[in-house]
Engineer: 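Could you have a look at this structure, given as structure tokens, before my questions?
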Amino acid sequence: MDKDSKSEDESVGLSENPSEEVPPCIAPGMADGETLEMLWQLRAQRRQSSPELPETVTRLTAPDGSILYLVGTAHFSDNSKNDVATTIRAVQPDVVVVELCQYRVSMLRMDENTLLKEAKDINLEKVQQAIKQNGLMSGLMQILLLKVSAHITEQLGMAPGGEFREAFKEAGQVPFCKFHLGDRPIPVTFKRAIAALSLWQKARLAWGLCFLSDPISKEDVEKCKQKDLLEQTMSEMIGEFPALHQTIVAERDIYLTHTLRQATRCVESPSNGQKVPAVVVGVVGMGHVPGIERNWERELNIQEIMTVAPPSQFSWMLRTVVKGVLMGMLGYACYRAGGGLGRTLLSLPAVQSLMETLRLQRPDPTGPL
């Protein structure tokens, strides 16, 4: 297996400098087949035969000769955005794969200002919605991720996921290039991570949610290239915990490797349908690169990292006690407030949403953790 950071692209290009090329003019009435062939040749001309790539790029080769250029990034970094753009323009890929899932795809469609506002605006409604959709502890995990992003956004004035939006934009400029989401669904990651924590660690995690205020510099963000942001934040809150690294990083390394290998397969030439080796660009956090390299040639079992174990009887009892305490506190507040004021309190949208959330937390062994 070839794993060079700066390596030759085995595709033969007709030009070393794409900026000097003049795009061909598509004449009116040109047949579809001729247009496709012209675009195919245009991409071949733009694809550099010996690209000078950033040192954050690792080159992996598939058994059929297809090539993966894996770009390791920091999720809050202008340098990472530049690395992604440079790589895609140089290799003109058939596929671009990013470390996102369908639950986080919205960040591709938002501009920087909207994302800055969304990341900073964590209100009661967002908390209630997260708990209702993912369960109590998994919902808190989602709020943790939002809070970490909001904290860094506020410190740096930079919205998360800039490298993914850059990849999406650049992929749209490459003829025939497809754009794939490569990460495991985040609710699965949340639930498996929470299931790996002890009761004490869950308590420390909840406490840490309320006191995340340390200043962060751009240098700190660049250091995060060596470790997953969520894992690093949780480790600081609850201490080093091997099972946490396993669920948040190692399992996602396996899933990302699987999706990247699925993408790194031969593609068909539009002119004659002949299979030719593909060129793929993967955009992932730097902390996932070593794991993807290790797993690249291994047999992978995806099913075992997609299941969520049912909650234990103790977990169900604890959840029931918490529900009872919350409902008791609400009832006592209504009693002390008096009938009219109590009814007014119960009619508030936030209170009704909370009661609905508690009602939905039934003792279902297959429900959310």
Engineer: Would you mind reporting whether Asp94 and Phe176 have side-chain heavy atoms less than 4.5 Å apart?
Structural biologist: no

Engineer: Report yes if some heavy atom in the side chain of Gln303 is under 4.5 Å from a heavy atom in the side chain of Asn301; otherwise report no.
Structural biologist: yes

Engineer: Is it true that a side-chain atom of Ser269 and a backbone atom of Gln274 form a donor plus acceptor pair closer than 3.5 Å?
Structural biologist: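 No; zero donor-acceptor contacts below 3.5 Å.
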
Engineer: Would you tell me whether Glu37 and Gln41 have side-chain atoms, one donor and one acceptor, within less than 3.5 Å of each other?
Structural biologist: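 Yes, side-chain donor-acceptor contact under 3.5 Å.
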
Engineer: What's the separation between atom OG1 in Thr264 and atom CH2 in Trp296, rounded to the nearest 0.5 Å?
Structural biologist: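 The OG1 atom of Thr264 sits 4.0 Å away from the CH2 atom of Trp296.
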
Engineer: Let me know which of Val96, Leu60, Val57 forms a side-chain contact (heavy atoms from CB on, under 4.5 Å) with Tyr69.
Structural biologist: Val57

Engineer: Any side-chain heavy atom of Arg89 within less than 4.5 Å of one from Gln173?
Structural biologist: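 No, side chains not in contact.
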
Engineer: Main chain of Ile248, side chain of Glu251: is a donor-acceptor contact present, judged purely on distance under 3.5 Å?
Structural biologist: no

Engineer: Over all heavy atoms of both residues, which pair between Leu260 and Gly282 is shortest? Give the atoms and the distance, please.
Structural biologist: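 Taking every non-hydrogen atom into account, CD2-CA, 4.0 Å.
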
Engineer: Tell me the closest heavy-atom pair linking Glu166 and Ala85, and the distance in Å.
Structural biologist: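 Distance-wise, the nearest heavy atoms are OE2-CB, 3.6 Å.
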
Engineer: Look at the side chain of Thr73 and the backbone N and O of Val284, then say whether any donor-acceptor pair between them is shorter than 3.5 Å.
Structural biologist: yes

Engineer: Which atom pair, heavy atoms only, marks the closest approach of Ser66 to Cys266?
Structural biologist: OG-N, 3.5 Å

Engineer: Could you walk me through whether Glu170 and Val281 pass the side-chain contact (heavy atoms from CB on, under 4.5 Å) test, one step at a time?
Structural biologist: CA-CA 11 Å; Glu170 292 293 336; Val281 170; over 6 Å; no

Engineer: Of the non-hydrogen atoms in Phe179 and Ala171, which two are nearest, and what is the gap between them?
Structural biologist: CD1-CB, 4.1 Å

Engineer: Can Lys275 and Asp64 be counted as an ion pair, charged N to O under 4.0 angstrom?
Structural biologist: no

Engineer: First locate atom NZ of Lys191, then atom OG1 of Thr307, and finally report the distance between them rounded to the nearest 0.5 Å.
Structural biologist: 12.0 Å

Engineer: Thr259 side chain to Leu256 main-chain N or O, any donor-acceptor pair under 3.5 Å?
Structural biologist: yes

Engineer: So which heavy atom on Pro185 is nearest to which on Met306, and how close?
Structural biologist: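 Minimum heavy-atom contact is CD-CE, 3.9 Å.
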
Engineer: Could you state the interatomic distance from CD1 (Ile302) to CD (Gln262), rounded to the nearest 0.5 Å?
Structural biologist: 9.0 Å

Engineer: Quick one: does Arg192's side chain have a donor or acceptor within less than 3.5 Å of a partner on Thr247's backbone?
Structural biologist: no

Engineer: List the steps, then state whether side-chain contact (heavy atoms from CB on, under 4.5 Å) holds for Val95 with His180.
Structural biologist: CA-CA 7 Å; Val95 184; His180 291 180; 3.7 Å; yes

Engineer: Are side-chain heavy atoms of Gln92 and Cys177 found at a separation under 4.5 Å?
Structural biologist: no

Engineer: Quick one: CZ on Arg294 to CG on Asp253, what's the gap to the nearest 0.5 Å?
Structural biologist: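 CG of Asp253 is found 6.5 Å from CZ of Arg294.
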
Engineer: Report the distance from atom CD1 of Ile305 to atom CZ of Arg252, rounding to the nearest 0.5 Å.
Structural biologist: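 Nearest 0.5 Å value for the CD1-CZ distance: 10.5 Å.
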
Engineer: Determine whether Thr58 and Ile292 satisfy the following criterion, side-chain contact (heavy atoms from CB on, under 4.5 Å), listing intermediate values before the conclusion.
Structural biologist: CA-CA 10 Å; Thr58 300; Ile292 293 172; over 6 Å; no

Engineer: Which atom pair, heavy atoms only, marks the closest approach of Ile186 to Cys101?
Structural biologist: N-SG, 3.5 Å

Engineer: Under a 4.5 Å cut-off applied to non-hydrogen side-chain atoms, are Glu297 and Pro63 in contact?
Structural biologist: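 They are not in side-chain contact.
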
Engineer: Measuring only between side-chain heavy atoms, which start at C-beta, is Val249 closer than 4.5 Å to His288?
Structural biologist: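 Heavy-atom side-chain distance check passes, below 4.5 Å.
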
Engineer: Can you tell me how far CD of Gln102 sits from CZ of Arg104, rounded to the nearest 0.5 angstrom?
Structural biologist: 10.0 Å

Engineer: Is any side-chain heavy atom of Asn79 closer than 4.5 Å to one of Thr56?
Structural biologist: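 Contact flag for Thr56/Asn79 side chains = no.
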
Engineer: Do side-chain atoms of Arg47 reach the backbone of Val91 as a donor and acceptor pair under 3.5 angstrom?
Structural biologist: yes

Engineer: Quick one, Val98 and Leu181 - any side-chain contact, counting heavy atoms below 4.5 Å?
Structural biologist: yes

